[in-house]
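Take a look at the structure below.
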Amino acid sequence: MEDSSSKHMPENLDDPPNSRLFVVTSRCVTEDDLRERFSKYGDIQGIWLLKDKQTKEPKGVSYVKYAKSSQACMAMEDMHGKVLLEGTKPIKVFIAQSRSSAKHRDVEDEELTRIFVMIPKTFTEEDLKNTFREYGDIEYCDLIRNKLTGESKGLGYVRYYKPSQAALAIENCDKSYRAILAEPRSKNNYSEDAGASRGGGEYGYVDSFSQHTFPASADQGGHMVVDYRHGDITRSLILNTRAALTQEQIFALFDLIPGMEYCELLRDSYCLTKGPLGYALIRYNNLGSSVYAKEKLNGFEYPPGNRLQVTFYDDGESPAGRMASQVVTAQIMSTVWNGASCGQAVKSPGYSLSRIQVDFSLPSLKKLAPSDSKTKERLFVVFNPSPLPLNVLEDVFCRFGSLIEVHLVPGRNVGYVKYADRQCAEEAKALLHGRIVNGVKMKVMLADPPREESHKRPRTY
DNA sequence: CGACGGGACGC
DNA sequence: CGACGGGACGC
């Protein structure tokens with residue numbers, strides 16, 4: 001089944017990643033010399049000495065492939081600078097660049113000592129350190145936090161002193177942490193030109209290694225580029241909120257980002273009788289501030305439990321609860337509302353912004369189940385011709401009680417509805433299947449059970 | 001027919 | 001400075 005002969009190394013040169021050494025030696029060092037000195041660190045799968053094409057003379061460059069990255073790292077750490085043969089120069093040992101990488105630059109320890117992990121949101125930096133210190137001395141731990149609330153996003157970095165320690169952590173820690181090597185901080189992964197670079201190998205260490213470690217995402221990135229091209233972003237934003245917010249509160253919130261030049265609380269034209277304001281219009285004096293404000297405040301819970309929805313305002317459309325564009329809609333679906341639901345504390349029928357148009361009678365609005373409720377039943381919904389907005393879906397599907405959340409699949413006309421009670425889900429299915437809501441026909445079915453994943457950590461949100 | 005599976009840091 | 005082999009199943 002497995003081909004482990006030392007002669008034949010087909011495509012597994014980089015499997016697992018960083019398990020191969022690049023060794024610079026004196027030309028007179030032989031394969032046996034290398035084997036003698038390097039075999040104590042682990043299972044050597046192959047040794048290859050480069051030879052000159054014409055003269056067949058050794059070039060003093062060789063590769064040593066181990067079964068594990070930690071073995072390669074330990075060999076590197078221990079052997080780098082050692083003299084193999086009396087009177088020859090000290091050898092140099094590095095982790096080899098992946099075969100598919102065009103770069104021949106040395107792989108720095110910087111790239112090999114920091115890992116990126118998924119952890120429960122309740123973890124502190126100390127918890128993180130205590131969890132991962134069994135693999136080696138830790139220089140520091142970082143949590144990724146929401147800048148505004150300070151709450152952990154359940155993601156963290158652990159910096160070790162030595163590559164072998166990071167490798168050991170990745171190899172041996174609980175799979176649910178999904179530990180991988182962190183991309184170096186210098187590279188700005190953030191301004192998402194990922195759409196342009198996806199599939200291209202022009203970004204050094206981003207290429208083959210990241211394909212190894214990052215599952216392909218269906219998420220539509222690159223909104224900055226796309227939005228500019230389509231002219232969908234403006235300096236104006238729309239705030240949607242289910243909870244009542246005062247003009248002062250909204251002003252204070254959006255004034256956190258410099259450049260606000262306008263902030264007005266508007267009544268939902270469809271809910272004139274309701275006291276609380278449904279949405280607000282905010283404008284900044286520059287594009288950067290509006291983009292930044294949307295990024296920072298969209299999805300922000302204020303007050304806690306009330307997730308704000310911030311979208312770009314498009315002058316061509318009615319402001320009431322409308323998305324600026326399909327692009328922005330998709331982005332909101334995948335970033336803000338995914339896996340989220342409003343806390344029931346602030347959920348109240350009077351604050352519903354969705355305008356529901358149906359040709360059948362709907363039960364009254366019900367409270368949502370707590371977002372940490374255990375899912376007892378899931379519904380699978382197919383929309384025709386296109387998905388309904390999440391606030392509408394929540395409005396409709398909550399009316400049978402125990403609704404936990406509605407989740408749309410980005411780029412597809414389908415979604416999932418989670419209930420904390422099977423009976424409620426059944427009733428929702430019975431009443432809503434085949435119905436038309438706001439002109440969108442819905443098929444409502446029981447969802448197939450989720451795929452079993454043995455090493456899966458329960459989601460902590 | 002139609003299906004979820006995750007991930008990034010204020011230089 | 002010091003970066004990527006030899007050789008070929010059996011449909």
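To find a chain, count down the sequence lines: A is the first, B the second, and so on, and within it residues start at 1. The analysis underlying the following values was restricted to heavy atoms, covering all of them including side chains, and did not include hydrogens, waters or symmetry mates. Since the model is a prediction, treat every value here as computed from it, not as a measurement.
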Candidates dG2(C), dC4(B), dC4(C) - which lies nearest the side chain of H407(A): dC4(B)
K53(A) NZ - dA3(C) P separation (whole Å): 11 Å
Sugar-phosphate, base or nothing in reach of K147(A), heavy atoms under 4.0 Å: sugar-phosphate
Aromatic centroids of Y284(A) and Y292(A) separated by under 6.0 Å: no
Euclidean distance, atom CD1 of residue I144(A) to atom C1' of dC9(B) [Å, nearest integer]: 5 Å
Touch class at under 4.0 angstrom, heavy-atom based, for R378(A) against every strand present: base
Rounded distance in Å - NZ (K65(A)) to P (dC4(C)): 19 Å
Of the listed nucleotides dA3(B), dA3(C), dC1(B), the one nearest the side chain of K443(A): dC1(B)
NZ on K92(A) to OG1 on T25(A), rounded to 0.5 Å: 11.0 Å
Sugar-phosphate, base or nothing in reach of V409(A), heavy atoms under 4.0 Å: sugar-phosphate
Per V382(A) side chain, nearest of listed nucleotides dC1(C), dG2(B), dC4(C): dG2(B)
Whichever of L49(A) and R27(A) has its nearest DNA chain C nucleotide further upstream toward 5': R27(A)
Euclidean distance, atom CD of residue E31(A) to atom C1' of dG6(C) [Å, nearest integer]: 14 Å
N/O donor-acceptor pair, side chain Y292(A) with base dG10(B), under 3.5 angstrom: yes
Touch class at under 4.0 angstrom, heavy-atom based, for R145(A) against every strand present: nothing
Between C1' of dG5(B) and NZ of K418(A), the distance in whole Å: 11 Å
Presence of R412(A) side-chain N/O under 4.0 Å of dA3(B) phosphate oxygens OP1/OP2: yes
Salt-bridge contact K162(A)-E139(A) (side-chain N to carboxylate O under 4.0 Å): no
Whether F22(A) stacks on the six-membered ring of dA3(C) base, 5.5 Å and 30° limits: yes
Selection from dG6(B), dG2(C), dC9(B) that lies nearest to any side-chain heavy atom of R185(A): dC9(B)
Out of dC9(B), dG6(B), dC4(B), whichever nucleotide has its closest atom nearest the side chain of R178(A): dG6(B)
Phosphate contact (dG5(C) OP1 or OP2) by K51(A) side-chain N/O below 4.0 Å: no
Sugar-phosphate only, base, or nothing, as touched by K153(A) at under 4.0 Å among non-hydrogen atoms: nothing
H104(A) side-chain proximity, nearest of dG5(C), dC4(C), dC4(B): dC4(C)
Test log, rule side chain to side chain contact (heavy atoms under 4.5 Å, CB included), inputs V107(A) and Q97(A): CA-CA 7 Å; V107(A) 176; Q97(A) 282 284 4; 3.8 Å; yes
For Y157(A), ring pair (Phe, Tyr, Trp, His ring centres under 6.0 Å) partners two or more places apart: F116(A)
A182(A) side-chain proximity, nearest of dG5(C), dA8(B), dC1(C): dA8(B)
Residue A96(A), side-chain heavy atoms: nucleotide from dG2(C), dA3(C), dA8(B) that is nearest: dA3(C)
Euclidean distance, atom CZ of residue R114(A) to atom P of dG7(B) [Å, nearest integer]: 17 Å
Separation of atom CH2 in W48(A) from atom P in dG6(C), rounded to whole Å: 8 Å
Touch class at under 4.0 angstrom, heavy-atom based, for D106(A) against every strand present: base
Closest to side chain of V414(A), choosing from dG7(B), dG5(B), dA3(B): dA3(B)
Salt bridge flag under 4.0 Å for residues R422(A) and E426(A): no
Residue P450(A), side-chain atoms from C-beta onward, closest of dA3(B), dC4(C), dG5(B): dG5(B)
Donor-acceptor pair (no angle test) under 3.5 Å: R159(A) side chain, dC9(B) base: no
Nucleotide dC4(B), atom P - distance to CG of L379(A) in whole Å: 17 Å
Carboxylate-amine/guanidinium proximity below 4.0 Å for R145(A) and E125(A): yes
Sugar-phosphate only, base, or nothing, as touched by D142(A) at under 4.0 Å among non-hydrogen atoms: nothing
Sugar-phosphate only, base, or nothing, as touched by V117(A) at under 4.0 Å among non-hydrogen atoms: base
